[in-house]
**Student:** 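Okay, handing you the structure first.
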Amino acid sequence: MLEIKDLRAEVDGKEILKGFNLTVPKGEVHAIMGPNGSGKSTLSYVLSGKDGYEVTGGSATWNGQDLFAMSPEERAQAGVFLAFQYPMEIPGVASLTFLRAAMNAHRKARGEAEISIPDFMRAVKTEAEKLSISMEMLKRPLNVGFSGGEKKRNEVLQMALLKPTLCLLDEMDSGLDIDAIRIAAEGVNRLRSPDTAMIVITHYQRLLNYITPDVVHVMARGQVLRSGGKELAVELEESGYASYGAEAA
Ligand code: ADP
Ligand code: MG
Ligand code: MG
């Protein structure tokens with residue numbers, strides 16, 4: 001399971017996470033909802049090990065392993081995957097090339113041989129089809145000129161191929177229309193398993209109609225202020241975040 005205790009972290013000398021606590025058992029999906037600026041993306045960056053985010057206190061362990069003692073690559077190899085709110089565009093690297101390199105890095109870390117090109121192409125075709133991603137698109141540079149929905153589906157494709165066990169999904173629904181959300185969410189649901197823990201970060205309840213969480217947490221000002229069942233998301237949709245100290249949008 002994922003255990004985060006009294007986590008404090010800062011960016012550019014500004015404390016963003018201010019004693020954050022969260023436990024996600026394997027097999028569960030937890031939603032983190034909160035107003036803009038509450039530190040949701042910062043949390044996902046800190047857990048995945050992005051540069052420039054300094055942990056100043058507390059701990060985070062995944063299956064008993066201290067995440068902060070590991071490099072970002074080691075965390076990825078331990079099964080941690082962050083699907084970005086705004087996936088990066090990488091000009092000059094075809095999506096297929098990127099996907100194969102990522103799969104091979106994981107295999108290498110496990111002491112396995114590289115995946116053969118035919119096996120790779122078969123795996124990609126199978127998963128891409130489920131996500132309505134064309135092979136044409138995968139020959140293009142990673143995310144360059146992709147629509148919001150295509151970028152998010154591409155993140156889900158990476159997850160489907162890498163099979164992470166700790167999935168951090170940062171505002172997967174931002175900028176997506178209903179059909180794109182449904183396709184991406186179905187892809188995420190296929191990855192749910194007894195060995196997988198997921199954190200679904202979202203501002204809106206809507207996404208949780210497609211990915212049903214076991215627990216919903218309200219995050220504001222760098223802390224979890226309240227936790228509850230999926231009905232809490234519906235309540236938030238009606239009442240907004242004002243009672244959690246957030247300004248109305
Ligand atoms: P959320 O994802 O919940 O909208 P973020 O984690 O993106 O929140 O941001 C939390 C807070 O951290 C915001 O107040 C934001 O302005 C601040 N912040 C984010 N990045 C930086 C940075 N590089 N330097 C200073 N402050 C930052
Ligand atoms: Mg934000
Ligand atoms: Mg964010």
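Worth knowing before you read on, the calculation uses all heavy atoms, side chains too, and leaves out hydrogens, waters and symmetry mates. Whatever order the structure lists ligands and atoms in, that order sets their numbers, starting from 1.
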**Student:** Any idea which atoms of ligand 1 are less than 4.0 Å away from a heavy-atom of N36?
**Tutor:**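 Answer for ligand 1: 4 (O).
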**Student:** At a 4.0 Å threshold, what atoms of ligand 1 neighbour a non-hydrogen atom of S41?
**Tutor:** 1 (P), 2 (O), 6 (O), 7 (O)
**Student:** If hydrogens are left out, which of V11, L17, I32 has an atom nearest to atom 23 (N) of ligand 1, that is, the closest non-hydrogen atom?
**Tutor:**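 Looking at heavy atoms only, the winner is V11.
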**Student:** Can you name the residues that form a side-chain hydrogen bond (donor to acceptor under 3.5 Å, both in side chains) with E10, not counting sequence neighbours?
**Tutor:**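 Counting only residues at least two positions away or on another chain, E10 forms no side-chain hydrogen bond (donor to acceptor under 3.5 Å, both in side chains).
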**Student:** Atoms of ligand 1 less than 4.0 Å from D12 heavy atoms?
**Tutor:** 22 (C), 23 (N), 24 (N)
**Student:** With a cut-off of 2.8 Å, does any N, O or S atom of S41 fall short of it relative to the Mg ion (ligand 3)?
**Tutor:** yes
**Student:** For ligand 1, which atoms sit closer than 4.0 Å to a heavy atom of I16?
**Tutor:** 10 (C), 11 (C), 12 (O), 17 (C)
**Student:** Please determine if the Mg ion (ligand 3) has an N/O/S atom from Q85 lying under 2.8 Å away.
**Tutor:** yes
**Student:** Using distance alone, decide if ligand 1 has a nitrogen or oxygen within less than 3.5 Å of any nitrogen or oxygen in Y53.
**Tutor:**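 The answer is no, given that Y53 and ligand 1 share no N or O pair closer than 3.5 Å.
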**Student:** If only atom types and distance count, is the side chain of N104 paired as donor or acceptor with the main-chain N or O of I115 below 3.5 Å?
**Tutor:**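 It does hold such a pair.
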**Student:** Any donor-acceptor pair under 3.5 Å linking the side-chain atoms of R221 with those of Y244?
**Tutor:** no
**Student:** From L131 CG over to E150 CD, what is the distance, rounded to the nearest 0.5 angstrom?
**Tutor:** 12.0 Å
**Student:** Could you check whether any side-chain N or O of K40 sits under 3.5 Å from a backbone N or O of G37, counting only pairs where one atom can act as donor and the other as acceptor?
**Tutor:**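 Looks like no, no N/O pair under 3.5 Å.
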**Student:** Quick test of your reading of the model: are E186 and R182 salt-bridged, counting only N-O distances below 4.0 Å?
**Tutor:** yes
**Student:** Look up atom CG in L232 and atom NE2 in H217, then write down how far apart they are to the nearest 0.5 Å.
**Tutor:** 9.5 Å
**Student:** P35 heavy atoms, cut-off 4.0 Å: which ligand 1 atoms fall inside?
**Tutor:** 3 (O)
**Student:** Under 3.5 Å, N or O to N or O, is K14 touching ligand 1 that way?
**Tutor:** yes
**Student:** So for G39, does at least one of its heavy atoms come nearer than 4.0 angstrom to any atom of ligand 1?
**Tutor:** yes
**Student:** Can a donor-acceptor pair be found between the side chains of S41 and Q85 at a distance below 3.5 Å?
**Tutor:**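 Distance-only check passes for S41 and Q85.
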